[in-house]
There are 2 protein chains.
Amino acid sequence: MENSEELCLVCNDISSGYHYGVPSCNGCKTFFRRTIMQKHIFVCQHEKNCSVDRSIRCACRYCRFEKCLKVGMDRSALQASRDRIGYTKRTRKPKRKEVSFSSSSSMSPQNIFYPESPGYAQKAYETYWSYVASREKASNELRLSAYAPKRSLKEALCSKSLLNDPIFLSNHMIVSSRHTYTELRFITQSDYHYWHERDWFVLTEYAKTFKVFNELSYNDKAALVRHAAITIPSLNQVYNSPDHGPDTVVFPDGTYYDRTHEPTRPAGLNRKKYQVLDLVLKPFREIEIKFNEFAAFKAITFLNPDADVSYLAKLAINEERVAVTKQLYAFMIRNDGIEKAIKRFSRLILIGTSMSKMACESKEAVWIADFFENIGYTSFAKELFFGERNSEEE
Amino acid sequence: MENSEELCLVCNDISSGYHYGVPSCNGCKTFFRRTIMQKHIFVCQHEKNCSVDRSIRCACRYCRFEKCLKVGMDRSALQASRDRIGYTKRTRKPKRKEVSFSSSSSMSPQNIFYPESPGYAQKAYETYWSYVASREKASNELRLSAYAPKRSLKEALCSKSLLNDPIFLSNHMIVSSRHTYTELRFITQSDYHYWHERDWFVLTEYAKTFKVFNELSYNDKAALVRHAAITIPSLNQVYNSPDHGPDTVVFPDGTYYDRTHEPTRPAGLNRKKYQVLDLVLKPFREIEIKFNEFAAFKAITFLNPDADVSYLAKLAINEERVAVTKQLYAFMIRNDGIEKAIKRFSRLILIGTSMSKMACESKEAVWIADFFENIGYTSFAKELFFGERNSEEE
DNA sequence: TCAATAGGGTCAAAGGTCCG
DNA sequence: CCGGACCTTTGACCCTATTG
């Protein structure tokens with residue numbers, strides 16, 4: 001206390017307290033721990049008498065470590081490694097303001113032009129399912145990755161799907177450290193927000209993997225994606241949630257929701273939550289939906305001719321939808337036999353009605369929420385839900 | 001003191017006394033308190049059987065907390081607020097272990113088994129279809145008759161179904177002279193009104209022909225009928241409409257509507273009209289739906305677990321719904337062969353999603369219409385849509 | 001009254017996280 | 001891949017109300 005600032009005995013930097021028995025700075029503390037934990041053995045390039053000082057402490061790790069020992073750092077103060085604590089950066093206390101417009105938006109909408117990949121047409125059974133499965137797999141990997149571009153709805157819908165771009169896939173499909181967890185934590189408004197944005201982004205890339213989608217007009221594309229904006233994210237959330245009991249949906253970052261009423265959210269969104277639990281999660285678990293089945297069901301849900309699209313678009317979408325449905329049924333027959341297949345198939349397809357209702361009610365809830373500014377949607381989300389100010393229907 | 005050093009039952013470190021009912025060390029005591037107060041939910045990275053010992057007690061927080069509970073730490077010993085609750089009674093130390101009153105968690109709380117209801121099984125194919133057909137036939141005859149009682153929703157829902165009453169049927173099932181026509185005429189507001197009332201009346205009688213319906217509570221009955229109040233009348237109207245072209249729905253009295261925009265009606269109801277034409281009428285015609293198929297589809301539409309009914313009601317309704325669906329499928333297989341059946345079946349079932357959306361949007365439109373008093377609903381209709389003033393949810 | 005007990009709170013110093 | 005600023009977690013120590 002007498003001296004406001006004690007110095008690190010190793011390097012003379014300002015000490016951040018006593019570590020391993022010695023007043024020391026953060027750097028030397030961490031260096032000491034890591035060296036021991038990782039059992040590093042350094043070699044001095046000189047005479048084992050390098051000076052260790054704030055400015056040059058990293059120059060010779062051998063001498064730095066020797067200095068640590070010499071000033072009395074105590075290896076026995078090291079503990080057994082602890083449980084992981086999960087992602088920290090994002091929950092950091094905000095500095096003050098953190099506007100940071102910096103991020104150079106104009107550049108890097110790179111390779112919008114990629115040759116149309118030709119492989120869509122041939123739908124032999126195996127080919128069909130391998131495509132469905134790889135679409136679903138890639139979609140989920142994208143969801144787990146850290147990649148999240150900022151762009152307008154039009155850019156999002158008219159570019160080529162990242163999921164069809166092998167170069168992108170090999171470069172970016174790494175699970176973000178944010179999307180792992182060691183602890184569940186009840187979801188907050190800002191978590192909902194994060195996952196909405198993320199799932200909407202993934203939805204746009206998902207949509208563009210459908211040939212029929214890419215052939216629509218921009219307005220129809222927007223309408224179809226808008227119509228799917230509640231259901232597809234919900235399906236992703238439910239299917240990919242680890243099983244923590246029948247009434248809990250867990251996100252990849254360990255946030256979860258359950259039946260707890262959340263009074264700060266609009267009533268419509270609370271209701272949606274119960275619908276998801278009762279009418280989607282529960283049946284999925286009961287019929288033990290398989291990966292391919294889920295992938296097909298998601299496609300069927302996406303290809304919804306009820307969206308406010310043009311009449312011709314409805315026809316095209318429905319045609320594709322029926323084709324997928326037929327494949328799904330064939331798949332189930334193969335695996336379950338006809339007796340069981342029909343039961344599971346019916347059960348699964350009937351979930352569609354629940355999805356439909358949910359989408360409709362939630363859209364309304366979203367509208368109301370936005371009206372009362374309960375929820376801070378981004379401009380992308382607003383564009384998605386409400387269309388652009390110009391050139392939209394109704 | 002008799003025993004020089006008691007050990008922490010959780011981690012075998014030296015105990016600092018009894019905490020939360022168990023001899024335990026400072027660390028485990030604090031860990032337990034914090035975990036509960038901050039509502040942590042940990043996730044084990046391994047097999048939920050990590051050992052917990054002094055040296056490695058921090059390695060897995062999930063297993064450490066489980067051990068706390070297992071050795072009998074008592075969450076209720078935590079005090080909600082320091083100065084309000086006061087201190088727990090100090091009884092003499094429980095001798096050692098075997099804290100028998102442990103309200104511990106290891107007993108899983110949720111083994112909620114609902115008895116599988118057994119009764120529905122015996123539905124021989126023919127018996128089933130003859131019942132479905134006669135229900136549908138009677139329902140339509142009632143619709144065409146002149147009979148139209150005035151009564152409250154409660155009276156309507158809790159009485160015996162007229163369609164099951166042979167005396168009533170033989171006395172009243174005569175086509176009303178009002179329900180014939182020689183000439184089409186465009187529908188007016190008051191015609192809509194007339195047919196709404198009529199179809200809602202028929203709906204109540206239809207509903208009561210379902211065993212599962214009669215077993216519901218009154219509130220659930222009302223909710224289910226309310227949920228069907230848009231869809232079932234639409235189905236009746238569409239299926240029973242004579243074919244005057246792909247975009248025209250004709251009522252039994254010769255009134256009709258088509259794609260003409262009706263500016264005096266709320267926008268939501270105009271939209272519903274297009275949905276009915278595009279997403280119900282058209283597919284019905286295209287797949288050439290048969291009488292039995294329609295009857296089953298209507299039942300499936302009616303038996304909608306998405307209605308705001310109790311959870312148990314949802315289960316019961318869904319069970320019946322799946323049973324009907326299965327029968328419908330079997331019927332189609334018999335008639336069409338498997339290849340064609342699956343196509344028609346999928347197409348038909350997927351109409352359900354359109355019905356769902358329509359119901360939801362129309363309900364909203366009806367609400368808005370009522371709000372602005374655009375449409376003069378009767379008190380029965382208001383009761384149907386909005387419930388009674390008392391005893392309703394939300 | 002007061003020592004002993006068992007609650008809750010605190011904060012230095014452990015360990016973990018993740019840009020640059 | 002490493003450094004270290006920054007974050008969370010831990011637990012020894014402290015305070016306090018209750019009890020015998």
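Residue numbers begin at 1 in each chain, while the letters A, B, ... track the order of the sequences. These numbers come from a predicted model, not from an experiment.
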Please work out if [X] contacts a base, only the sugar-phosphate, or nothing of the nucleic acid, heavy-atom cut-off 4.0 Å.
{"X": "S81(A)", "value": "sugar-phosphate"}
{"X": "R82(A)", "value": "base"}
{"X": "S177(A)", "value": "sugar-phosphate"}

Problem set entry | Ring geometry between F31(A) and F42(A) (parallel below 30°, tilted from 30 to 60°, perpendicular above 60°) | parallel
Problem set entry | Distance flag, aromatic centroids of Y194(A) and F251(A), threshold under 6.0 Å | no
For this session: Would you please indicate if the ring centroids of F186(A) and Y256(A) are separated by under 6.0 Å?
Result: yes
In whole Å, what is the span from the [atom1] atom of [X] to the [atom2] atom of [N]?
{"X": "R57(A)", "N": "dG4(D)", "atom1": "CZ", "atom2": "P", "value": "4 Å"}
{"X": "D74(A)", "N": "dA12(C)", "atom1": "CG", "atom2": "C1'", "value": "16 Å"}
{"X": "I56(B)", "N": "dT10(D)", "atom1": "CD1", "atom2": "P", "value": "14 Å"}
{"X": "D83(A)", "N": "dT9(D)", "atom1": "CG", "atom2": "C1'", "value": "10 Å"}
{"X": "R34(B)", "N": "dT8(D)", "atom1": "CZ", "atom2": "P", "value": "13 Å"}
{"X": "K39(B)", "N": "dT9(D)", "atom1": "NZ", "atom2": "C1'", "value": "19 Å"}
{"X": "K29(A)", "N": "dG3(D)", "atom1": "NZ", "atom2": "C1'", "value": "13 Å"}
{"X": "N26(A)", "N": "dC7(D)", "atom1": "CG", "atom2": "C1'", "value": "10 Å"}

Contact under 4.0 Å: [X] side-chain N or O vs [N] OP1/OP2:
{"X": "R64(A)", "N": "dG3(D)", "answer": "no"}
{"X": "R33(B)", "N": "dG7(C)", "answer": "no"}
{"X": "R178(A)", "N": "dT17(C)", "answer": "no"}

Seminar exercise, completed: By nearest-nucleotide position on DNA chain C, the 5'-leaning member of H19(A) and T182(A) is H19(A)
Measuring from the side chain of [X] (C-beta onward, heavy atoms only), which nucleotide among [options] has the closest atom?
{"X": "Y20(A)", "options": "dT17(C), dA14(C), dG11(D)", "result": "dA14(C)"}
{"X": "C58(B)", "options": "dA5(D), dG8(C), dG11(D)", "result": "dG11(D)"}
{"X": "T88(A)", "options": "dA6(C), dC2(D), dT8(D)", "result": "dT8(D)"}
{"X": "I85(A)", "options": "dG4(D), dT8(D), dA14(C)", "result": "dT8(D)"}
{"X": "F31(B)", "options": "dT10(D), dA6(C), dG3(D)", "result": "dT10(D)"}

Problem set entry | Test side-chain hydrogen bond (donor to acceptor under 3.5 Å, both in side chains) applied to R259(A) and D278(A), T248(A), N270(A), the passing residue | D278(A)
For this session: Could you let me know what dG9(C) is paired to, Watson-Crick or G-U wobble, both distances under 3.5 Å, or none if it's on its own?
Result: dC13(D)
Exercise. With the threshold set at 4.0 Å, does a side-chain nitrogen-carboxylate oxygen contact exist between E136(A) and K298(A)?
Worked result: yes
Exercise. Going through the distances and angles, do C25(B) and V10(B) end up as a side chain to side chain contact (heavy atoms under 4.5 Å, CB included)?
Worked result: CA-CA 8 Å; C25(B) 68; V10(B) 179; over 6 Å; no
